[in-house]
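Please read the structure below before turning to the comments.
Please read these numbers as outputs of a predicted model, since none were measured by experiment. Just so it is clear: chains get the letters A, B, ... in the order the sequence lines come, proteins before strands, and each one is counted from 1.
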Number of protein chains: 2
Amino acid sequence: MKKTAGREPAVSKKISEKKEQIRLHLKQKGFKATRQRDIIAGEFLRSGEHVTAEDLYKNISRKHDDIGFTTVYRTLKLLSRSGLATERVFADQLTRYEPISSESHHDHLICLKCGAITEFENLKMERLQEKIADEFGFHIVTHKMEFYGYCRACR
Amino acid sequence: MKKTAGREPAVSKKISEKKEQIRLHLKQKGFKATRQRDIIAGEFLRSGEHVTAEDLYKNISRKHDDIGFTTVYRTLKLLSRSGLATERVFADQLTRYEPISSESHHDHLICLKCGAITEFENLKMERLQEKIADEFGFHIVTHKMEFYGYCRACR
DNA sequence: CATATTATTGAAATTGAATTTCATTTTCTT
DNA sequence: AAGAAAATGAAATTCAATTTCAATAATATG
């Protein structure tokens with residue numbers, strides 16, 4: 001699952017850039033820059049997407065046993081409230097977090113066997129959604145669309 | 001919100017029919033027919049859709065203070081497991097139940113202001129979903145689609 | 001640069017919905 | 001009507017999410 005431990009300049013650069021971005025964003029909003037938030041933000045960006053607070057806490061506490069669950073949890077909440085992360089809840093009822101990217105809203109394919117979460121976006125779908133909502137005089141603010149089933153590997 | 005208290009022969013008939021249907025279904029599956037299950041099933045069918053176990057319990061306990069929350073909860077679970085009801089979880093994280101109708105799967109429009117839940121189904125949407133899933137080699141078992149926003153009355 | 005102010009931290013406590021336990025009661029079978 | 005099996009309901013438990021609070025750390029200010 002994990003890549004080899006060699007250098008990954010492009011990826012690392014991206015992460016440190018994003019990390020800096022987060023730091024600035026938070027600063028700007030009047031929050032304090034702390035060692036913990038730095039580590040948590042970094043690890044969050046590095047982690048696969050769709051991590052739970054618990055997941056992230058476990059990852060982090062391996063290297064940093066002085067960072068508590070509460071702080072990880074609160075930092076994820078903080079990032080979410082600040083518009084830098086998104087909370088999502090799938091069928092297992094756990095709250096998962098995902099860094100906000102510049103990309104537009106996306107939806108999810110969730111494998112019932114291996115649990116893999118694949119993202120997709122589809123313009124036609126967006127248009128159709130708007131059209132349907134219009135028919136009901138409904139103004140969509142956000143939506144949730146998830147497909148549960150079996151991925152290519154598992155079916 | 002509530003209709004006048006007059007006779008509603010058509011609706012009542014439907015409910016007692018469905019109630020009988022449920023009773024038979026359960027019987028057939030080897031469950032026992034009890035006074036409580038009768039009352040709960042009847043009230044469940046009568047209740048607006050998308051009730052929580054708590055909602056239903058409150059309704060029922062007004063008239064039947066000997067029926068406990070646990071039994072309401074277990075009956076809803078039982079109906080769900082038996083394919084006579086569906087569980088759904090929306091953004092508020094509460095589990096809601098809905099009687100199964102013969103109609104096909106439907107999706108939901110949820111008003112962020114008044115909380116109204118409107119159902120819809122759309123064939124084009126279903127087809128598009130299949131098409132998208134196919135592109136990923138994904139086999140859809142079930143899906144979830146919810147629009148959050150403002151209904152005609154609230155916007 | 002010392003210190004006051006204010007936010008953050010982390011352990012532990014709390015919450016609240018969901019679920020389970022268990023002694024008692026009810027239903028169904030024979 | 002008696003026994004076996006299932007259902008009931010109050011209370012207990014679970015578990016993720018959230019809050020509390022005393023201690024600590026970061027920033028602002030003199």
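- Side chains of B/Glu20 and B/His25: no donor on one and acceptor on the other come within 3.5 Å.
- A salt bridge links B/Glu87 with B/Lys77: at least one charged nitrogen is closer than 4.0 Å to a carboxylate oxygen.
- Checking C/dT8, C/dT21, D/dT19 against every side-chain atom of A/Lys32, the shortest atom distance belongs to C/dT8.
- Counting only heavy atoms from C-beta on, A/Ile67 has its side chain closest to C/dG10 among D/dT8, D/dT27, C/dG10.
- Between the side chain of B/Asn59 and the main chain of B/Leu56, no donor-acceptor pair closer than 3.5 Å is present.
- A/Thr71 places no side-chain N or O within donor-acceptor distance of the main-chain N or O of A/Ile67, the cut-off being under 3.5 Å.
- Across all strands shown, A/Thr70 has heavy atoms under 4.0 Å from base atoms, whether or not it also approaches the sugar-phosphate.
- Rounded to whole Å, the distance from OH on A/Tyr57 to C1' on D/dA17 is 16 Å.
- Nearest-nucleotide assignment on DNA chain D puts the 5′-proximal partner with B/Arg37, out of A/Phe31 and B/Arg37.
- Side-chain N/O atoms of B/Thr34 include one lying less than 4.0 angstrom from OP1 or OP2 on D/dT8.
- Phosphate proximity of D/dA17 to A/Tyr73: absent, as no side-chain N or O sits under 4.0 Å from OP1 or OP2.
- A close approach under 4.0 Å does occur between a side-chain nitrogen or oxygen of A/Gln36 and OP1 or OP2 of C/dG10.
- The stretch residues 74-97 of chain B comes close to DNA chain D through B/Arg74, each having a heavy atom under 4.0 Å from the strand.
- When each of A/Ala33 and B/Ile40 is assigned the nucleotide of DNA chain D with its nearest heavy atom, B/Ile40 is the one assigned upstream, toward the 5' end.
- Dashed line: the shortest gap from a side-chain N or O of B/Thr71 to OP1 or OP2 of D/dG9 is under 4.0 Å.
- If you check C/dC28, C/dG10, D/dT27 against the side chain of B/Lys27, the one that comes closest is C/dC28.
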